[in-house]
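Whatever order the structure lists them in is the order used to number ligands and atoms, beginning at 1. Counting from 1, the numbers follow the sequence of the chain as shown.
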Amino acid sequence: MTKALIELECFEPAGTKLEFSREDLLGHSLALGGSGSGKTSRFVLPMVRELIHSPERIGLIILDTKADGQMSAAVRRAAIEAGREKDLIVIDGSGERTLDIFGDCANFGIDGVDTLTSLLGSLIPRDSKNLYWEQTFEALLRQALRLMVLQERPQLDYSALIGQLIRYLLLHRLQEPYYKEQVERLKTQRAHQPPPIQCIYDEVTATHRMWDTLDVRTRSNLQSMTASLTGPLNSPLAHAYFSGGESCSVADKTDRGQILLISIDGIRHAKVARLVACVAKGRFYEAVLRRERDVARPLAGLVLDDWPTAITGGWGNLYSDIEALAMIRSRGGFLVTSAQSLSAIDSIVGVADRRAALANFANLIFFRGRDPEVDLIASNYLGDYKDRLIDTSHHELPKKMGIVTYPVRHEREIRVPAVPIGALARLATGEAYALVGAQAYPQALCLIPHNPVY
Ligand SMILES: Nc1ncnc2c1ncn2[C@@H]1O[C@H](COP(=O)(O)OP(=O)(O)OP(=O)(O)O)[C@@H](O)[C@H]1O
Ligand SMILES: [Mg+2]
């Protein structure tokens, strides 16, 4: 077996460790289990501690969408113990530090627009029956942002971004002089551009014309899609995470091997937490995918205690978990996450997308839970063991003098599932079965919580 990079110790069976090699870690890890089954205290937090202590300096983006103090205390403590306090950067909505939604605001141009469009597009609720609307909306969003950056002296900050989305997409007034003037200016600028850029100018102008001439019903559909974005983007809490303060780039922290902790209360502010988490996650995927393929490159990990908060489905979008998780492993990127049930994920991205995203996880940790599909997965993948089936039959014939009728004993070798359906529901808090790469742990492990003096 390859050398373990991460070892999570267990109370039971004594001396057992849940081990992850570098390769295993790159297979992505998901803990599944009901509320209070031990996912955070027995898996995610010990994993974070180990990742921070790892001799290989791992760049970490940690999304704490509970913001109850547990994750931040664990991260701070581990960073101090590992002598990495200087590597730790915290964004918690206090305004001191904020996330750079533009990726790199100073160099935000046409390429940046494409990236930001896909990133914002990944936040729109997905449905396979809605593909036409999603794609039209993304095209419109792209042109709205292009119109903004192609101006001679574009104002590029968070407020300007929201202003453009609200004014151009949400409130769109036909023939608005402000935009008519901007589009006219583009026509003059176009003449001084190389041909590929001229095409972009043409597209912006054509889309502007189309947007003006759409029928009212089509336009109002697209406007309501805009509202689902601008609502969370324009909330005071979102401003506290994206504007003002010292702007931090997720890509920069990932590349430098630092630890970026982003805390936001996803229970009280679910939509803004999803927005913040998806932006940070998207920027992480992008940073990892920009790297060269190199087996020796330092690892970069994303820790997301509650996967449903930031799960993204869909195809043809780099920020979809289906696509990104399949690609980041070859560039040294990995995800550690948890979820209470698969049904919760289904209600966000649909069954097909959830199944596709789930197929990217080589490591599954099964805590106590009553999700029938998780039962099936555990039962199928954790294998079986040999057992003996003994069958004894007694004769019911009337006893005859001098004749003894012995019971007949049949013995058969059978295979029984190591984790039969229903076994997960009977686990105690902190107990789990696990599958790490090709290694199955078919006997329940009792994992040690991150802080035994709780
Ligand atoms: N260090 C610890 N020592 C002992 N028990 C703990 C410790 N930390 C948490 N617990 C308890 O363990 C149980 C599991 O908590 P945990 O937060 O890990 O569950 P969870 O699976 O993450 O739940 P949720 O899905 O609601 O986040 C809870 O009852 C909690 O009070
Ligand atoms: Mg938890």
Side-chain angles (χ1 to χ4, degrees), residues 6-12 14 17-18 28-53 60-78 80-81 261-270 273-274 277 281 301-311 335-348 354 358 361 363-375 377-378 419 423-435 441 444-454:
I6 302 288
E7 294 180 341
L8 304 184
E9 293 192 10
C10 305
F11 284 132
E12 293 286 343
K17 287 174 183 158
L18 187 58
H28 312 306
S29 310
L30 170 66
L32 289 162
S35 179
S37 58
K39 302 180 296 297
T40 305
S41 58
R42 311 321 210 265
F43 177 68
V44 179
L45 296 180
M47 189 66 147
V48 165
R49 184 195 55 218
E50 292 297 298
L51 289 169
I52 293 176
H53 276 91
L60 285 174
I61 307 298
I62 303 168
L63 301 178
D64 166 26
T65 50
K66 273 209 173 151
D68 57 2
Q70 211 188 358
M71 176 68 87
S72 68
V75 172
R76 278 175 211 276
R77 204 174 87 179
I80 292 170
E81 283 170 1
L261 170 69
I262 302 168
S263 290
I264 181 160
D265 182 351
I267 297 168
R268 282 194 303 150
H269 307 283
R274 179 166 173 78
K281 185 185 73 162
L302 175 70
V303 179
L304 170 58
D305 191 9
D306 187 36
W307 192 27
T309 313
I311 189 167
L335 171 67
V336 172
T337 190
S338 80
Q340 288 182 353
S341 77
L342 297 180
S343 321
I345 300 175
D346 293 347
S347 60
I348 305 167
R354 184 265 297 163
L358 194 65
F361 288 88
N363 314 321
L364 295 171
I365 324 298
F366 301 97
F367 285 90
R368 182 180 60 240
R370 280 192 288 119
D371 185 319
E373 205 169 333
V374 178
D375 267 1
I377 296 173
V419 185
L424 296 182
R426 297 188 293 272
L427 289 175
T429 300
E431 283 185 348
Y433 296 100
L435 184 71
Y441 294 81
L445 308 171
C446 181
L447 289 150
I448 299 184
H450 85 284
N451 176 7
V453 286
Y454 181 71

To check you understand the geometry: which heavy-atom pair defines the closest contact between Ala423 and Tyr433, and what is its length? CB-OH, 4.4 Å
Any N/O of Lys66 closer than 3.5 Å to an N/O of ligand 1? yes
At their closest point, which heavy atom of Gln340 faces which heavy atom of Ser35, and how far apart are they? NE2-CB, 3.5 Å
Gly33 N/O under 3.5 Å from ligand 1 N/O: no
Counting only heavy atoms, which portion of Pro449 has something under 4.0 Å from ligand 1: side chain, backbone, both, or neither? side chain
Thr40 near the Mg ion (ligand 2): N/O/S under 2.8 Å: yes
Heavy atom under 4.0 Å from ligand 1: found in Gln340's side chain, backbone, both, or neither? side chain
Quickly, which of Ile6, Ile52, Ile365 forms a side-chain contact (heavy atoms from CB on, under 4.5 Å) with Met47? Name it, please. Ile6
Does Ala31 come within less than 4.0 Å of ligand 1, judged by its heavy atoms? no
Note: Pro46 and Ile448 closest approach over all heavy atoms is CG-O, 3.9 Å
So if I count the atoms of ligand 1 from 1 in the order they appear, which ones are less than 4.0 Å from some heavy atom of Gly34? 21 (O)
Rounded to the nearest 0.5 angstrom, the CG-CZ distance for Leu447 and Phe43 is 8.5 Å
Do you know which two heavy atoms are closest between Ser29 and Asn363, and how far apart they sit? OG-ND2, 3.1 Å
Taking every heavy atom of Gly266 against every heavy atom of Ala273, the minimum-distance pair comes out as CA-CB, 3.5 Å
Which bit of Thr40 gets closer than 4.0 Å to ligand 1, counting heavy atoms only: side chain, backbone, both or neither? both
With atoms numbered from 1 as shown, which atoms in ligand 1 lie under 4.0 angstrom from a non-hydrogen atom of Thr429? 12 (O), 13 (C), 14 (C)
